[in-house]
A.B. asks: 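Quick one: structure below, then a few questions.
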Number of protein chains: 2
Amino acid sequence: MDHDDDTLVLLAPRARDTYEFIRHFFARHGRAPLLTEIAAGLGIRSKGTAHRYVQALAEAGLIEQRRGRHRGIRLREHTSATTLPLLGRIAAGRPIEAIPDEDCVDLSQFFMGPGRFILRVQGDSMVEAGILDGDMVVVERCETPADGDIVVALIDNEEATLKYLRRNRDGSITLVPANARLAPVTYNAERLRIQGVVVGQLRSYR
Amino acid sequence: MDHDDDTLVLLAPRARDTYEFIRHFFARHGRAPLLTEIAAGLGIRSKGTAHRYVQALAEAGLIEQRRGRHRGIRLREHTSATTLPLLGRIAAGRPIEAIPDEDCVDLSQFFMGPGRFILRVQGDSMVEAGILDGDMVVVERCETPADGDIVVALIDNEEATLKYLRRNRDGSITLVPANARLAPVTYNAERLRIQGVVVGQLRSYR
DNA sequence: ATTGAAAGTTCTCATAAAGTTCTCTATCCT
DNA sequence: AGGATAGAGAACTTTATGAGAACTTTCAAT
């Protein structure tokens, strides 16, 4: 685990570029790139140089080489990395579009932060906001949420609930579920304690 | 750790600044800074001076140096910043329940895996499955998805789309959207190429 | 099987950039 | 005064990177 992280750190910048390119190429084409394709992807003309980077990756243990073979690179996946390639946008009616700008998502950067924790959601009160029963939400402790935030609210120090927050003119607060079958409820500010704001949501299908 | 605190006390103020800068740089860029970047970060012009601080940190045991190498600094205390505490379950009508068993969620273990990538979702075809416009889905390359999986399907090598997969008796395949306003469509197996199965989904509210 | 184009491998060379070591100088503090 | 801390910058060594030549191997068409 740490070993893998270290390995990535050890790579020279261009070697890392090479690794990223190879991963993207695999994800997009389902096969290994040629050295000339790697070179073109890196914007260089020498396949010899590209080969040097490939060797560096092999020594670092990130890939395997079937030496001599055309397209002989094999990815050795390591599970502890925290970045996945962001391949593109999927829409109705279009092939997968490449996204040149943001080409990688770092899960730790995406969700980590001071004072954050995870809650597993039970119930359907937020289904229409795309938060389903069994999902996990990343919550950041926050005393002063903004209007419209999804918050974890403690009512009368007894019930905790996940709802949209709406501040009213008279100082009271309305908790609005995202479910047409449930009604918003208004509380005096004293009865509520906001425990945090939802900053992210995640779900696993496996 | 105590060790670190003790060590930190021994450091000169600017050496401590250097350490902080290096840690931040790692957190933000995922790699070591150059001496000139350290110098710039400290507001000084001499990379020689920056190097002196780096050496002090190495002697204090806070970092390791791969001498001579570009970006050769390695942090000793490797913060595995991919786990968040799983506080409990939030339900309608109950305080937050503590969960004694699984008390931590490792985001990388949650989503990482061989042959996975991320797509940003555009459109509403899967809203009723809790996948909204702008969400990201984690996709695993898989040629033989199971019935009922959410898949990335390429139709006629032209359109990529995100739908539920339903296999029919006659070998044809029906792609079922999770949106009442859209109708399922059935295709001959030859027209479809399944590019992957959705294994996870994530959303950021920030 | 043969064969030739294309791909992989191994080199060397050149150069820009980075790391290392050093000296000189100026503060600040006790 | 003397030591610790700081910054500047010169001089030197090493690394990272790219180009490309020369060679070997693979692969597919014949």
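Chain A is the first sequence line, chain B the second, and so forth, proteins listed ahead of strands; every chain is numbered from 1. These numbers were taken from a predicted model, which means no experiment stands behind them.
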A.B. asks: Check the pair B:L34 / B:R71 against side-chain contact (heavy atoms from CB on, under 4.5 Å), numbers first and verdict last.
C.D. replies: CA-CA 5 Å; B:L34 302 172; B:R71 302 187 187 277; 3.5 Å; yes
A.B. asks: For the pair B:D135 and B:R203, find out whether any cationic side-chain nitrogen is under 4.0 Å from an anionic carboxylate oxygen.
C.D. replies: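 Yes, charged N to carboxylate O under 4.0 Å.
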A.B. asks: Kindly indicate whether the side chain of A:L75, heavy atoms from C-beta on, has any atom under 4.5 Å from the side chain of A:Y19.
C.D. replies: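 Yes, their side chains come closer than 4.5 Å.
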A.B. asks: Hey, does the side-chain of A:K47 have a donor or acceptor N/O within less than 3.5 Å of a partner on the base of C:dG8?
C.D. replies: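 Yes, a donor-acceptor pair under 3.5 Å.
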A.B. asks: Would you indicate what B:L34 reaches in the nucleic acid, counting non-hydrogen atoms under 4.0 angstrom: base, sugar-phosphate, or nothing?
C.D. replies: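 Since only primed, P, OP1 and OP2 atoms lie under 4.0 Å of B:L34, the category is sugar-phosphate.
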A.B. asks: Using side-chain contact (heavy atoms from CB on, under 4.5 Å), reason through A:I73 and A:I22 one step at a time and then give a plain yes or no.
C.D. replies: CA-CA 9 Å; A:I73 294 172; A:I22 292 172; 4.0 Å; yes
A.B. asks: Give the rounded distance in Å between these two atoms: CZ of A:R69 and P of C:dT9.
C.D. replies: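 Roughly 11 Å, once rounded to whole Å.
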A.B. asks: Between C:dG8, C:dT10, C:dG19, spot the one nearest the side chain of A:L35, thanks.
C.D. replies: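 Ranking C:dG8, C:dT10, C:dG19 by closest atom to the A:L35 side chain puts C:dG8 first.
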A.B. asks: Between the side chains of B:Q201 and A:Q201, does any donor sit under 3.5 Å from an acceptor?
C.D. replies: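 Yes, a side-chain donor-acceptor pair sits under 3.5 Å.
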A.B. asks: Base, sugar-phosphate, or nothing: which does B:G68 touch, judged by heavy atoms less than 4.0 Å apart?
C.D. replies: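 Here B:G68 touches the backbone only, sparing every base.
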A.B. asks: Could you check whether A:R71 gets within reach of a base, just the sugar-phosphate, or nothing at all, counting any heavy atom under 4.0 Å?
C.D. replies: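 Result for A:R71 = sugar-phosphate.
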A.B. asks: Return the value, rounded to whole Å, for the distance between atom CG of A:L57 and atom P of D:dA16.
C.D. replies: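 For the pair A:L57 CG and D:dA16 P, the rounded distance is 14 Å.
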A.B. asks: Nearest whole angstrom, please: distance from the C1' of D:dT13 to the CZ of B:R67.
C.D. replies: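 Atom-to-atom, B:R67 to D:dT13, this comes out as 11 Å.
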A.B. asks: Please state whether the phosphate of D:dA16, meaning OP1 or OP2, lies under 4.0 angstrom from any side-chain nitrogen or oxygen of A:Y53.
C.D. replies: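 Checking A:Y53 against D:dA16: no side-chain N or O falls below 4.0 Å of OP1 or OP2.
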A.B. asks: Taking the side chain of A:P13 as its heavy atoms from C-beta onward, which of C:dG8, C:dT21, D:dT17 lies nearest to it?
C.D. replies: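 Nearest to the side-chain atoms of A:P13, counting from C-beta on, is D:dT17.
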A.B. asks: Would you mind reading off the distance between B:R66 atom CZ and D:dA16 atom P, rounded to a whole angstrom?
C.D. replies: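 Between P of D:dA16 and CZ of B:R66: 7 Å.
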A.B. asks: Quick one: A:E59 CD to C:dT9 P, roughly how many Å, whole number?
C.D. replies: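 Whole-Å distance recorded here is 13 Å.
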A.B. asks: Nearest to the side chain of B:T49, which nucleotide is it out of D:dA8, D:dG18, C:dT21?
C.D. replies: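 Closest nucleotide to the B:T49 side chain: D:dA8.
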A.B. asks: With a non-hydrogen cut-off below 4.0 angstrom, is A:I44 in contact with a base, only sugar-phosphate, or nothing?
C.D. replies: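 Touches sugar-phosphate only.
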A.B. asks: Between D:dA8, C:dG8, C:dA17, spot the one nearest the side chain of B:H70, thanks.
C.D. replies: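 Closest nucleotide among those given: C:dA17.
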A.B. asks: Considering heavy-atom distances to DNA chain C, does B:Q65 or B:R52 have its closest nucleotide positioned more toward the 5' end?
C.D. replies: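 The residue closer to the strand's 5' end, by nearest nucleotide, is B:Q65.
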A.B. asks: Would you say C:dG19 has OP1 or OP2 under 4.0 Å from some side-chain N or O of B:Q55?
C.D. replies: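 B:Q55 to C:dG19 OP1/OP2: no side-chain N or O under 4.0 Å.
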A.B. asks: How many Å lie between NE2 on A:H51 and P on D:dA19, as a whole number?
C.D. replies: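 The answer, rounded to whole Å, is 17 Å.
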A.B. asks: From D:dG9, D:dA19, D:dT26, pick the nucleotide closest to the side chain of A:R45?
C.D. replies: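 Minimum distance to the A:R45 side chain belongs to D:dA19.
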